[in-house]
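Inspection log for the structure reproduced underneath, given as structure tokens.
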Amino acid sequence: MSASRWLACAAFSVFCVLKISSLDTFVAAVYEHAVILPSNTLLPVSPSEALALMNQNLDLLEGAIVSAAKQGAHIIVTPEDGIYGMRFTRDTIYPYLEDIPDPQVNWIPCDNANRFGYTPVQERLSCLAKNNSIYVVANMGDKKPCNTSDPQCPPDGRFQYNTNVVFDSLGKLVARYHKQNLFMGEEQFNAPVEPEFVTFNTPFGKFGIFTCFDILFHDPAITLVTEYQVDTILFPTAWMDVLPHLAAIEFHSAWAMGMGVNFLAANIHHPSKRMTGSGIYAPDSPRAFHYDRKTQEGKLLLSQLDSHPRHSVVNWTSYASSIEAPSTGNQEFQSIAFFDEFTFVELKGITGNYTVCQNDLCCHLSYQMSEKRADEVYALGAFDGLHTVEGQYYLQICTLLKCKTTNLRTCGSSVDTASTRFEMFSLSGTFGTQYVFPEVLLSEVKLAPGEFQVSSDGRLFSLKPTSGPVLTVTLFGRLYGKDWTSNASSDLITHSLMIIMLIVTPIIHYLC
Ligand SMILES: *[C@@H]1O[C@H](CO)[C@@H](O)[C@H](O)[C@H]1NC(C)=O
Ligand SMILES: *[C@@H]1O[C@H](CO)[C@@H](O)[C@H](O)[C@H]1NC(C)=O
Ligand SMILES: *[C@@H]1O[C@H](CO)[C@@H](O)[C@H](O)[C@H]1NC(C)=O
Ligand SMILES: *[C@@H]1O[C@H](CO)[C@@H](O)[C@H](O)[C@H]1NC(C)=O
Ligand SMILES: *[C@@H]1O[C@H](CO)[C@@H](O)[C@H](O)[C@H]1NC(C)=O
């Protein structure tokens, strides 16, 4: 260090220390946790029974935290509902909740346990962070009493929130986030009146946080990236896979790439409910991921990441709007993927160029298969419309997918194995949004790190022949501005939503 630099450091020593200790890379950990569930979440339990169950889960989380710290991790993310499970009523969740203060109070629960009442879970998480010198991210329940004469206050006199907490490596509470977009059936919790944009700075970049179903909506998720400019998203989740487009590892890795951020996703491990799929995703490629339908074990993942990953700007419509649609006499057909009616064309040859359109969206595909099998059908599909089943959100999707059987009516149905590899593919669409999430999913629900890229003119293309048979190659676009526009009256929408929910609730394979 030069003399003048040293003097500057001496004069502004705090700045100097920050500068010296800032890191270009860091080691991230996520833990897929096989949560121990209460025996019956609809029956009330005493506070001590609730704490005993939570301590059983914290014992397992402790093993993961200690192991991650020993392997050099700077931060570990654990899943949504990872401390007490899911599907409670307002009353039966109550004994599990703690009052979680605003982090501005500057509190290390491990050093000052009873400052905000009886908070054993926060104390234990704080001590785990402090004792192991690691940032700990966990999901738990917050309770806030309110005055029932306030019209927003629930009749039982309290707000209950699905909450993420972060303790830094000294055990200090540095973030508290209340889930905004509750999933249907999460009646035990309230959503905050306004979305919360929760960020914190570390020597290894700026972090933002949200939870599970939040990933499908604009706030806080998109705003954290576009306005708050976070480098890394922390994402506790309890995610049930929905194929073809919403498998956990598939969609979460696509969000990291589409938004140009690191994304740390920790899922519950509950294979009988299709809850598995955690990962550490960088914008250019997944770094580590886990998907396991076979064992009952939890899994710790670690990977190094850039503290400040580079963003590249993509114009998602540039290429697709520049090419002329080949005028072919391809026979189009309609088929359903996760309750949405797509327009499809069948891929008839071993190689080809196809276009399919729906409403304002036209999708273009060039591809070459390794072989054209007689027992397998692939199709190119387009969807431009409002999805209204377990939530209301406007989609534009271009998708190459394997049909479940050779019957075209099964195109879009959930299928998790395939036999056809692709030598190359290039997919693009005339999207009306800059929020497009590129997905490539291989047979047996595997990602394809390093096998594809997105060009600045909006093509999702292969860099090499796929390492496995292809389930889907998809551009999943979101038009947030159209989520609440429709020609139907809102009463009608609410009514039809309720009917749909009654019909499909037992078969929705998607919980968040
Ligand atoms: C943290 O360390 C203290 C002191 O060694 C110990 O008493 C405490 O049990 C530890 N707590 C956790 C959660 O690791
Ligand atoms: C609740 O609000 C009412 C009306 O503002 C007030 O009279 C009452 O004292 C409040 N109760 C509590 C417990 O704060
Ligand atoms: C994207 O490209 C299209 C076609 O080249 C162009 O019309 C449009 O203005 C571009 N959009 C942005 C946001 O640059
Ligand atoms: C598809 O289009 C590309 C470029 O536009 C062209 O080189 C190729 O020959 C076409 N393939 C087929 C099978 O038509
Ligand atoms: C809604 O109405 C407008 C004009 O009234 C029409 O152009 C548009 O196609 C309609 N949209 C849908 C989804 O029905």
Side-chain angles (χ1 to χ4, degrees), residues 31 51-52 54-70 73 76 78 82-83 98-99 107-114 118-138 140 143-159 165-173 318-330 345-356 362-372 378 380 398 400 422-430 455 457-462 473:
Y31 183 57
L51 183 57
M54 293 195 285
N55 273 322
Q56 282 185 286
N57 278 302
L58 286 163
D59 290 344
L60 294 174
L61 298 183
E62 174 165 353
I65 292 165
V66 169
S67 168
K70 279 192 182 140
I76 180 169
T78 64
I83 296 180
E98 292 186 359
D99 194 338
W107 180 38
I108 300 179
C110 192
D111 294 347
N112 193 348
N114 295 316
Y118 183 57
T119 54
V121 174
Q122 289 170 85
E123 183 189 341
R124 188 160 176 197
L125 290 168
S126 164
C127 290
L128 285 170
K130 183 181 171 189
N131 287 11
N132 297 289
S133 295
I134 184 173
Y135 281 71
V136 170
V137 183
M140 57 186 288
K143 59 180 177 189
K144 291 281 172 282
C146 53
N147 189 332
T148 46
S149 65
D150 173 349
Q152 275 164 351
C153 182
D156 54 14
R158 61 199 188 233
F159 293 108
V165 287
V166 183
F167 297 92
D168 74 8
S169 52
L170 301 173
K172 186 167 93 171
L173 178 69
S318 178
Y319 179 80
S321 57
S322 76
I323 65 169
E324 275 179 44
S327 58
T328 52
N330 292 315
V345 291
E346 182 184 350
L347 306 186
K348 292 237 163 91
I350 190 167
T351 178
N353 297 316
Y354 283 89
T355 294
V356 67
C362 283
C363 305
H364 303 295
L365 173 71
S366 293
Y367 72 94
Q368 185 180 346
M369 298 173 184
S370 303
E371 55 170 337
K372 180 73 187 84
Y378 283 81
L380 173 67
C398 289
L400 152 68
F422 279 63
E423 293 296 309
M424 66 76 66
F425 57 78
S426 173
L427 179 68
S428 61
T430 56
S455 60
D457 61 1
R459 277 171 293 161
L460 166 57
F461 65 96
S462 56
V473 173

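Counting starts at 1 for both ligands and their atoms, following the listed order. Values below: every heavy atom of this structure, side chains too, minus hydrogens, waters and symmetry copies. The first residue of the sequence shown is numbered 1, and numbering continues consecutively from there.
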Identify the closest protein heavy atom to atom 9 (O) of ligand 2: which residue and atom is it, and at what distance? Asn147 ND2, 4.8 Å
Can Asp59 and Arg124 be counted as an ion pair, charged N to O under 4.0 angstrom? yes
Atom indices of ligand 1, in the order listed, that fall short of 4.0 Å to a heavy atom of Cys127: 11 (N), 12 (C), 13 (C)
Using protein heavy atoms only, decide if any is under 4.0 Å from atom 11 (N) of ligand 1. yes
Tell me the closest heavy-atom pair linking Leu51 and Tyr118, and the distance in Å. CD2-OH, 3.4 Å
For atom 5 (O) of ligand 4, is some protein heavy-atom partner under 4.0 Å away? no
Determine the minimum heavy-atom distance between Glu423 and Ser462, stating which atoms define it. O-OG, 4.2 Å
Atom 8 (C) of ligand 1 - nearest protein heavy atom and its distance: Asn131 ND2, 3.7 Å
Judging by distance only, is a nitrogen or oxygen of Asn353 under 3.5 angstrom from one on ligand 4? yes
Does the protein put a heavy atom less than 4.0 Å from atom 14 (O) of ligand 4? yes
What are the two closest non-hydrogen atoms of Ile350 and Glu371, and how far apart are they? CD1-CA, 3.7 Å
Would atom 2 (O) of ligand 1 count as contacted, meaning some protein heavy atom under 4.0 Å? yes
So which atom in Ser322 and which in Tyr319 form the shortest heavy-atom distance, rounded to 0.1 Å? OG-O, 2.7 Å
Take the angle between the ring planes of Tyr354 and Tyr367 and call it parallel below 30°, perpendicular above 60°, tilted in between. parallel
